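What you see is a predicted model; the values in this text were computed from it and never measured.
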Amino acid sequence: MFGMRGHVDPRELAAVFVGGALGTVARASLAVLAAPAPGHWPWPTFTVNIVGAFLLGYFTTRLLERLPVSSYRRPLLGTGLCGGLTTFSTMQVETITMLEHGHWGLAAGYTAASIGAGLLAVAIATGMVRRVRVTR
């Protein structure tokens with residue numbers, strides 16, 4: 001975001017803003033459709049975090065290894081879209097709420113599944129990009 005001498009690139013900032021707005025709207029829309037109770041699996045947050053991890057793995061690998069360098073793709077798709085779509089803070093609040101209501105097993109399972117599935121999603125996306133043959 002900062003170019004030479006610490007100046008902010010307004011186009012890069014705009015890319016983060018647009019991507020973040022799109023990701024946030026998608027996440028908020030899903031959260032409105034199905035807000036979970038403390039004793040139930042929080043599917044909206046789990047889903048956006050795993051999808052976001054997959055997309056981040058895909059975009060990062062594709063942008064760094066397959067496409068020409070661009071100043072705006074990574075801020076738009078990685079920082080903006082994936083940053084707005086995923087929500088670690090909501091996952092933490094949901095986990096704390098589960099613990100406060102005595103749902104220890106659910107909280108532990110949710111945390112472990114979120115981390116494990118997120119890492120697996122990144123690995124799958126990265127592998128998919130790298131498996132595609134590059135023709136020049």
Interatomic spacing from CZ in F88 to OG1 in T95 - rounded to 0.5 Å
8.0 Å

Does V129 belong to the same Ile/Leu/Val/Met/Phe/Trp/Tyr cluster as V51, with side-chain heavy atoms less than 4.5 Å apart forming each link?
yes

I'd like to know whether OH of Y72 has more than 12 heavy-atom contacts from other residues, nucleotides or ligands below 6.0 angstrom.
yes

To the closest 0.5 Å, what do you measure between CZ (R62) and CG (L77)?
11.0 Å

Measure the spacing between CZ of F54 and CG of L85 and express it to the nearest 0.5 Å.
13.0 Å

Under 4.5 Å between side-chain heavy atoms, counting indirect links through other Ile/Leu/Val/Met/Phe/Trp/Tyr residues: same cluster for L76 and L81 or not?
yes

By the side chain to side chain donor-acceptor pair (under 3.5 Å) test, which pairs, at least two apart or in different chains, include something from residues 21-50?
T45-E94

Any chance you could measure T111, atom OG1, to L99, atom CG, to the nearest 0.5 Å?
7.5 Å

Between V48 and V122, is there shared hydrophobic-cluster membership here, with clusters defined by ILVMFWY side-chain heavy atoms closer than 4.5 Å?
no

With sequence neighbours excluded, give me every side chain to side chain donor-acceptor pair (under 3.5 Å) pair touching residues 119-128.
T61-T126

Using 0.5 Å steps for rounding, measure from the CG atom of L22 to the SG atom of C82.
11.5 Å

Side chains of L64 and R74: does their closest heavy-atom pair fall under 4.5 Å?
yes

Sequence neighbours excluded, the answer for salt bridge (charged side-chain N to carboxylate O under 4.0 Å, His left out) partners of R73 is none

Over all atoms of both residues, closest heavy-atom pair of A121 and I50
CB-O, 3.7 Å

If you round to the nearest 0.5 Å, how far is OG of S114 from CD of Q92?
9.0 Å

